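Everything below concerns the one structure shown next.
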Amino acid sequence: GWVWSEEAAVRQTGGTPFFVKEYKDIYNFASPIVANQCPRYLAYFWPQVSFWSEEVVRRVEAFPQAASTSERKQLQKFTRNAAYLGCVWYFDPRSGSGWSEHVTKYMRSVAELPSSSLQLPELPPFFSELNGIDRGKLIVTDSCLMWFSAMFCDLGYLARDLGVRRGRSQDVCWNEIAVPPFGFTLFGIDLMPDRPLLHSRATDEYDRPEYLACQDRHLTREDVQSWCPMRGHYPAALWNISWGEPAPPGSAQRRDVLTCNKKLGNPDFARITDMPLHIADEGEDVDVMKPFRGYLTDINATHAAMEIVLSTPLDEALRFNPEVAGLVADIAASALASALAGAQQFPEQRGSLISLTGTDKDEVHDDDGWVWSEETALRQNAGTPCVLEHNRDFCNVFSPIVAAQCPRFLAYFWPQVSFWSEEVVRRVEALPESASSMQRKQLQHFVRNAAYLGCIWWFDPRTGSGWSEHVAEYMRSVAGLPSSSLQLPELPAFFADVRESDPGKMIVPDACMMWFTSNSCDLGYLARGVGTRTGRSGDVCWDKIPLPPFGFTLFDANLMPERPTVSLSEADAYDFPEYMACQDRRLTREEVISWCPMGGHYPDGMWNTSWGEPAPLGSQQRSDVLKCNKKLGLPDSARATDMPVHIADEGEDVDILKPFRGYLFDIEDSRANKAVWQSSLNEAFHFGSAVSDLLDGVGASAPTHTEQGARK
């Protein structure tokens with residue numbers, strides 16, 4: 001009974017067989033994204049997670065096997081309330097957390113209760129007196145409560161194995177250590193604005209040596225990654241996830257967890273409800289604070305929305321539905337009114353940016369044009385919603401998510417990235433300073449085509465890639481051209497056949513081409529720095545090494561289905577020792593993380609993102625990149641266009657496959673669509689009492705271009 005059935009998983013997650021079947025692609029896409037947050041979550045919030053898990057376990061152990069149904073419900077109610085408190089991010093006993101004194105006092109009162117006590121004390125007045133954004137910190141998601149309720153037994157016995165609070169059963173201990181020097185990020189977004197923003201992804205968020213003050217051994221990175229997200233309780237590969245390693249058969253831990261779950265009534269006890277959010281004084285699922293105020297959201301609107309969602313085919317759900325939009329607006333307005341009233345305080349409350357890599361950003365004095373202005377960044381991104389002031393919230397949310405994919409992208413696709421960026425650099429170096437305007441335009445067009453080829457995931461010369469032979473042959477022909485040649489050869493017939501049989505693999509986002517063009521000089525000199533193709537200028541070399549044994553994942557979803565899916569917790573997505581066959585030294589994890597996503601060319605902190613470390617002042621690399629960018633006309637020559645995607649035979653921005661067929665989309669349709677969704681974002685990100693009217697307005701005014709574009 002360790003592994004629960006798929007049917008049990010569906011029940012727990014609040015779906016129905018119809019819903020799961022209709023939305024399976026979304027489950028497969030979104031579930032890994034969510035699950036991948038678990039190891040960092042567990043490591044960061046381990047003090048409160050372990051405390052509440054142990055409090056639940058000691059009550060379960062004291063609970064008699066012959067307990068009545070009423071007694072079991074009391075135990076489940078205690079567990080549900082404990083899950084709520086475990087899910088409140090700010091309910092943190094560590095010193096420096098803001099609530100530490102009050103949380104510690106409350107935890108101590110719980111720890112002193114006998115194991116037979118199944119009633120949590122009422123939260124003290126400090127919590128009931130919270131208002132505005134501080135009251136919003138008490139709101140937790142229903143899905144977190146479900147996960148915690150399902151995993152309490154596993155977490156409690158994990159805490160036992162680590163010796164948490166051993167010999168200190170009635171003490172808290174965690175108040176004696178400091179809160180981490182950065183806030184917790186979810187999906188790459190800092191959602192704890194009153195704590196410093198973690199400045200570098202190079203920081204090990206799993207290494208918390210201070211925990212040893214309150215437990216006997218380390219909670220290691222391997223512990224949380226092998227355990228997460230469900231200790232193997234769901235069938236392996238369900239919804240495209242590895243659900244963690246089960247406790248070993250025959251082990252005491254496995255026996256203890258199975259006994260504990262049986263007493264709690266899991267897996268059936270832990271379930272998603274119709275209520276998306278909970279708060280301490282709702283007096284329903286959670287009742288640890290008085291006076292009771294009822295659920296945050298209107299229960300009738302929530303039920304109505306769920307009934308529609310659980311019976312709506314996916315193709316219908318992807319169309320705008322004013323009825324659902326109105327219901328969602330009502331739910332959002334009733335749930336978030338108090339929190340959003342204080343949302344504008346976030347910028348003023350945010351802690352200072354901190355760097356944990358040893359580089360103080362304030363010491364970098366940019367007087368040579370390395371850092372481009374925010375106005376320049378806005379011009380470059382003219383085809384995105386970020387150019388509009390009212391869409392900055394959107395960009396602040398999504399820019400860090402996209403930027404966080406860069407280091408793995410660079411490491412995985414380094415063979416083609418390094419090849420095309422070096423081909424660009426050698427042509428830039430050969431271009432005379434006195435080059436005519438026409439020659440510069442030819443160079444820029446060459447770079448645009450090279451950027452397209454560098455952005456095609458499948459244009460990979462490595463053996464086993466499927467296209468390897470043809471890609472390597474084409475690359476060899478380009479490498480054999482003189483540095484003065486600014487015309488790429490036409491792609492061979494093989495790719496014309498792919499264009500007919502599998503065109504999706506040849507489609508590239510405009511945003512990737514803009515990024516590649518902007519950074520081709522940086523990437524080319526980075527390749528030079530690791531000695532790529534040293535002494536092999538006319539050769540490719542990369543066709544002599546094998547493809548990685550897994551596909552590349554974007555947002556933790558494998559979008560290369562013909563290549564094996566490997567969980568990122570099971571594979572080092574940065575370590576490719578085979579690259580040493582084609583370069584003099586390794587491209588290290590630290591290099592790609594510190595460079596990404598733009599080598600520091602955008603102002604640090606713009607759109608809530610760290611844009612990477614600039615090349616050191618006075619270094620040869622900095623000098624080379626600046627000269628190269630100047631010849632290319634960067635940053636102005638790299639811009640997002642009105643066309644969202646490109647293909648080899650469009651004959652416009654890209655023209656390396658004949659016959660030319662024009663853009664994939666009608667250019668006027670594309671411009672109209674852009675205007676519509678930019679306008680829609682303006683409205684969608686205005687929260688408050690008018691949310692419903694605004695959403696209705698979007699639905700009423702959106703032309704058919706939007707629906708046509710979505711289908712395309």
Side-chain angles (χ1 to χ4, degrees), residues 197 199-202 353-382 386-387 395 399-400 402-404 406-407 409-410 417-418 420-422 424-429 431 433 440 443-444 447 450-451 454 511-530 587-588 590-640:
L197 178 65
H199 186 71
S200 173
R201 291 185 298 278
L353 278 170
I354 62 169
S355 171
L356 302 179
T357 59
T359 300
D360 188 343
K361 284 283 185 179
D362 294 335
E363 293 178 2
V364 176
H365 303 287
D366 176 56
D367 55 2
D368 56 5
W370 184 275
V371 180
W372 305 330
S373 68
E374 184 168 358
E375 290 72 21
T376 297
L378 292 175
R379 285 199 305 273
Q380 279 201 326
N381 290 273
C386 299
V387 298
C395 298
S399 290
V402 176
C406 169
F409 175 91
L410 207 55
V417 167
S418 63
W420 291 110
S421 55
E422 281 205 278
V424 167
V425 162
R426 75 178 179 98
R427 284 161 173 80
V428 172
E429 289 179 336
L431 189 78
E433 295 287 350
R440 290 184 189 278
L443 174 63
Q444 290 169 353
V447 175
C512 182
M513 289 174 59
M514 187 275 282
W515 173 83
F516 209 115
T517 305
S518 296
N519 294 289
S520 52
C521 294
D522 293 75
L523 294 168
Y525 285 108
L526 177 59
R528 289 268 184 94
V530 298
L587 177 70
T588 67
E590 291 69 31
E591 281 180 303
V592 292
I593 290 177
S594 66
W595 183 88
C596 273
M598 292 280 289
H601 285 300
Y602 281 2
D604 190 57
M606 186 180 77
W607 301 334
N608 199 28
T609 301
S610 171
W611 295 97
E613 299 291 336
L617 284 167
S619 66
Q620 185 62 48
Q621 184 186 30
R622 189 173 179 115
S623 173
D624 290 339
V625 170
L626 286 170
K627 288 178 184 176
C628 177
N629 280 342
K630 185 177 181 181
K631 282 190 179 181
L632 269 183
L634 289 173
D636 290 330
S637 64
R639 293 193 184 187

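Here the structure is a predicted model, which is why all the values come from computation and not from measurement.
L410 and C596 make their closest contact through CD2-SG, 4.1 Å (heavy atoms, listed as atom of the first residue, atom of the second, distance). Contact between A450 and V424 at its shortest, heavy atoms only, is CB-CG2, 4.0 Å. Of all heavy-atom pairs spanning M606 and A377, the tightest one is CE-CB, 3.4 Å. Of all heavy-atom pairs spanning T609 and A403, the tightest one is CG2-CB, 3.8 Å. Nearest heavy-atom pair, T517 versus A451, reported as atom, atom and distance to 0.1 Å: OG1-CB, 3.6 Å. Looking at every heavy atom in both residues, G612 comes nearest to P597 through N-CD, 4.2 Å.
Atom CZ of R639 is separated from atom OG of S518 by 11.0 Å, given to the nearest 0.5 angstrom. M598 contributes atom CE, which lies 10.0 Å from atom SG of C406 (distance to the nearest 0.5 angstrom). Taken to the nearest 0.5 Å, the CE atom of M513 stands 12.0 Å off from the OG atom of S520. One distance of note links CD of Q620 with CZ of R528; it measures 11.0 Å at 0.5 Å rounding. Here CG of L378 is found 8.5 Å from OH of Y602. Values are rounded to the nearest 0.5 Å. Between the CZ atom in R379 and the OG atom in S373 there is a gap of 6.0 Å [rounded to 0.5 Å].
Considering only heavy atoms from C-beta on, L587 comes within 4.5 Å of L526 through its side chain. Here the side chains of W607 and V402 are not in contact, with every heavy-atom distance at 4.5 Å or above. Counting heavy atoms from C-beta outward, N381 and M514 have side chains that approach closer than 4.5 Å. Annotation: side chain of N629 is in contact with side chain of H601 (closest heavy-atom distance under 4.5 Å).
Proximity of a side-chain donor or acceptor of Q380 to a complementary backbone N or O of P635 within less than 3.5 Å is detected. A donor-acceptor distance shorter than 3.5 angstrom exists from the side chain of S637 to the backbone of L632, with no hydrogens or angles considered. Side-chain atoms of R440 come within 3.5 Å of backbone N or O of K631 as a donor-acceptor pair. With hydrogens and angles ignored, the 3.5 Å screen pairs no side-chain donor or acceptor of W595 with any backbone N or O of L523.
Residues meeting the side chain to side chain contact (heavy atoms under 4.5 Å, CB included) test with S619, sequence neighbours left out: A615, P616, Q621, R622.
Ring-plane geometry between F409 and W515 is classed as perpendicular, the angle between the planes exceeding 60 degrees on a 0 to 90 degree scale with a lower cut at 30.
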